[in-house]
Amino acid sequence: MKNLLLFSGILLLALQSCKKIKPVAPARIQLDSTLAVPVSELNVPVYYPVQELEDMANEKLTNKIIEANLAIGQKGDSLFLSISRFQPIRMRYDGDRGITYSLPIQIEGFFHSKILGINIQNKEAVRAQVVITLFSDLYLDDDWNLAPQTQLKSVDWKEEPKLNVAGIKLNLKNQIEKILESNKQKIVDKLDESAKELIKIRPAIEKLWGDIQKPIRINKKVVPVWLKGDATDIDGRLYARSKDTLMIKARINANLHTVLDSAGSIKNPKPLPKLKRKEVGEPGLTAYALATIPFDVLNQVISQVTDTMKLNYGNHQVRIKSSEVYGTAEGIAIKVSIAGDIKADLFLRGTIGFDSVERKLMIDNFGYDVNTESSLVSAADWFAHDELIDRLKPYLALSMENTFTVIPELITKGVEKGKLGKKIDIHFNEFDVNIYQHLITRDNIQVILVARGRADVELQKGLFNKKKKPV
């Protein structure tokens with residue numbers, strides 16, 4: 001009799017172990033839709049140290065500025081005049097949009113005259129020194145080029161031009177001032193030309209406009225992911241900062257989203273639009289990026305982990321045969337099929353959450369579906385429920401750290417390749433990332449992340465140290 005009871009118990013356990021637990025599955029969502037992504041706004045400040053601009057101006061502006069034979073009066077007198085720099089140019093920036101130039105020039109000339117039919121010329125050159133002060137209003141033209149408007153403000157004589165010809169002493173100050181006045185446009189044009197060569201804005205902005213629309217890789221592990229921007233608009237202006245630094249701000253509007261195929265997303269960017277002169281906000285960004293996670297890709301990744309996962313519970317062991325993540329009206333469901341000492345289709349539920357400290361997309365409120373919970377309680381009291389949850393949870397988090405931190409790289413790439421300079425430091429202060437909106441559909445998880453932060457683009461010392469040929 002005892003043997004019969006023992007046999008019956010063993011048979012009952014065997015029958016229970018063969019029976020598969022199949023609770024009612026959470027209903028799959030059938031929604032097919034796409035989130036509308038707000039436009040991202042990126043305000044990029046670009047700094048030009050005035051001292052380094054001054055150094056470069058002295059390298060680029062030739063010593064000899066004007067050399068010409070100029071008529072004086074109505075009697076055929078003339079003056080062969082050579083105007084050149086005798087000291088470096090000095091620049092003062094008013095902190096807004098104006099630069100004052102102090103241009104120290106040396107004047108040398110030979111006076112030609114005819115008295116009683118005799119040609120007379122001084123043996124030694126007339127010499128004088130004068131400091132010319134000019135003021136430039138700085139503007140940007142419609143093509144993103146610097147368009148300075150320079151005026152000659154004053155002439156300060158350090159050494160007046162005195163001439164001694166045949167015992168006759170002459171002071172040519174008035175004549176030379178008239179010559180300078182008539183030739184001031186040549187001097188102004190030289191300075192404006194140098195300023196345009198020094199502060200090349202369009203190549204940097206154009207490169208930034210193009211590069212921000214190229215995919216940049218933000219994830220290299222398991223599934224390659226790229227961030228892609230579609231620029232929609234750009235505007236800019238010169239901006240007051242300080243008297244030692246000239247600053248230009250550009251604001252780019254773009255739609256940002258993630259892609260899994262970088263080659264398929266590359267399109268030729270639109271040409272750089274004409275400059276729009278608008279009030280540019282504080283330097284920094286308000287960026288919205290749409291991350292789309294297809295369920296088929298997510299399940300491929302999860303299966304690589306779960307298909308070899310085993311769980312031990314004392315004398316009992318189970319292994320995961322398969323897993324599937326899908327969407328429900330309330331959030332996310334995960335079907336886990338297990339075999340071993342217990343056979344079951346288990347269903348776990350959760351909602352989309354975000355860890356703002358570690359910047360991870362994750363599953364919140366993660367636990368067993370109610371139907372699964374009750375089925376397990378009645379079938380296998382030895383099954384430690386939290387064990388499976390704890391093992392799965394780390395693989396259901398997706399880092400979003402690089403989604404926005406690659407934006408400085410985009411700026412750097414655009415500015416450096418635009419030949420603004422090679423020594424640029426770009427960083428964001430008070431960088432805050434969070435979920436703006438999310439949507440679960442039949443085929444994917446869509447999450448719009450929002451990032452806000454202040455941006456600084458600083459040109460390091462020595463940016464303009466490379467020698468330039470005079471023009």
Just so I know, are the side chains of T306 and Y395 near enough to count as touching, which here means a heavy-atom distance under 4.5 Å?
no

Answer whether the closest heavy-atom distance between the side chains of F295 and I302 falls below 4.5 Å.
no

Working to the nearest 0.5 angstrom, can you tell me the gap between I334 CD1 and T328 OG1?
11.0 Å

Please say whether more than 12 non-hydrogen atoms of neighbouring residues, nucleotides or ligands are located less than 6.0 Å from CZ in F135.
yes

Show your reasoning for whether side chain to side chain contact (heavy atoms under 4.5 Å, CB included) applies to Q446 and T34.
CA-CA 8 Å; Q446 300 172 31; T34 303; 3.9 Å; yes

State, with a plain yes or no, whether a side-chain heavy atom of F366 is found less than 4.5 Å away from one of R349.
no

When you compare the side chain of L103 with that of R85, does any pair of heavy atoms fall below 4.5 Å?
yes

Between F354 and L449, is a side chain to side chain contact (heavy atoms under 4.5 Å, CB included) present by the stated rule, with each step listed?
CA-CA 10 Å; F354 187 74; L449 296 173; 3.9 Å; yes

I would like to know whether N444 and T292 meet side chain to side chain donor-acceptor pair (under 3.5 Å); could you show each step before the answer?
CA-CA 7 Å; N444 54 45; T292 301; 5.6 Å; no

Residue pair D192 / T150, side-chain donor-acceptor N/O under 3.5 Å
yes

Is K274 salt-bridged to D142, going by a charged N under 4.0 Å from an acidic O?
no

How many angstroms lie between CD1 in I132 and CD1 in I89, if you round to the nearest 0.5 Å?
11.0 Å

Would you name the heavy atoms of N145 and R202 that are closest together and state the gap between them?
OD1-CB, 3.4 Å

Decide yes or no for V130 and P161: does some side-chain heavy atom of the first lie under 4.5 Å from some side-chain heavy atom of the second?
no

With sequence neighbours excluded, residues passing side chain to side chain contact (heavy atoms under 4.5 Å, CB included) with L138:
I99, S136, L146, P148, L238, L246

Inter-residue atom distance Q213.CD - N255.CG, 0.5 Å rounding
10.0 Å

Intermediate values then yes/no, side chain to side chain contact (heavy atoms under 4.5 Å, CB included), K153 and T100:
CA-CA 9 Å; K153 304 297 289 185; T100 300; over 6 Å; no

Please give me the minimum heavy-atom distance between L31 and I440, naming the atom from each residue.
CD2-O, 3.8 Å

Taking C-beta and beyond as the side chain, do L361 and I352 meet within less than 4.5 Å on heavy atoms?
yes

So, do L35 and Q437 sit near enough that their side-chain heavy atoms are less than 4.5 Å apart?
yes

With rounding to the nearest 0.5 Å, note down the distance linking CD1 in I363 to NZ in K393.
10.0 Å

Mind checking what makes ring pair (Phe, Tyr, Trp, His ring centres under 6.0 Å) contact with Y326, not counting sequence neighbours?
none

Does any N or O in the side chain of T232 come within less than 3.5 Å of the main-chain N or O of N253, such that one atom is a donor and the other an acceptor?
yes

In terms of heavy-atom contacts, does CZ of R391 have more than 12 from other residues, nucleotides or ligands at under 6.0 Å?
yes

Closest non-hydrogen atoms of K270 and W209, given as atom of the first, atom of the second and distance, are O-NE1, 2.7 Å

Any chance you could measure Q149, atom CD, to Y139, atom OH, to the nearest 0.5 Å?
5.5 Å

Which atom of P273 lies closest to which atom of I234, heavy atoms considered:
CD-CG2, 3.7 Å

Side-chain donor-acceptor pair under 3.5 Å between Q51 and D55, yes or no?
yes

Atom pair CG (N434) and CZ (R452), whose distance is rounded to the nearest 0.5 Å
9.0 Å

Within the 4.5 Å heavy-atom criterion, are K335 and S323 side-chain neighbours or not?
no

Begin with the C-alpha distance, continue with both residues' side-chain angles, and end with the deciding distance and a verdict on side chain to side chain contact (heavy atoms under 4.5 Å, CB included) for S102 and R92.
CA-CA 8 Å; S102 293; R92 296 192 309 278; 3.7 Å; yes

For the student: nearest non-hydrogen atoms of S356 and V433, plus distance
CB-O, 3.9 Å

With Q129 as reference, evaluate Q87, E160, Q106 under the side chain to side chain donor-acceptor pair (under 3.5 Å) test and give the passing residue.
Q106

Heavy-atom closest pair (S33 atom, T441 atom, distance to 0.1 Å) is O-CG2, 3.6 Å

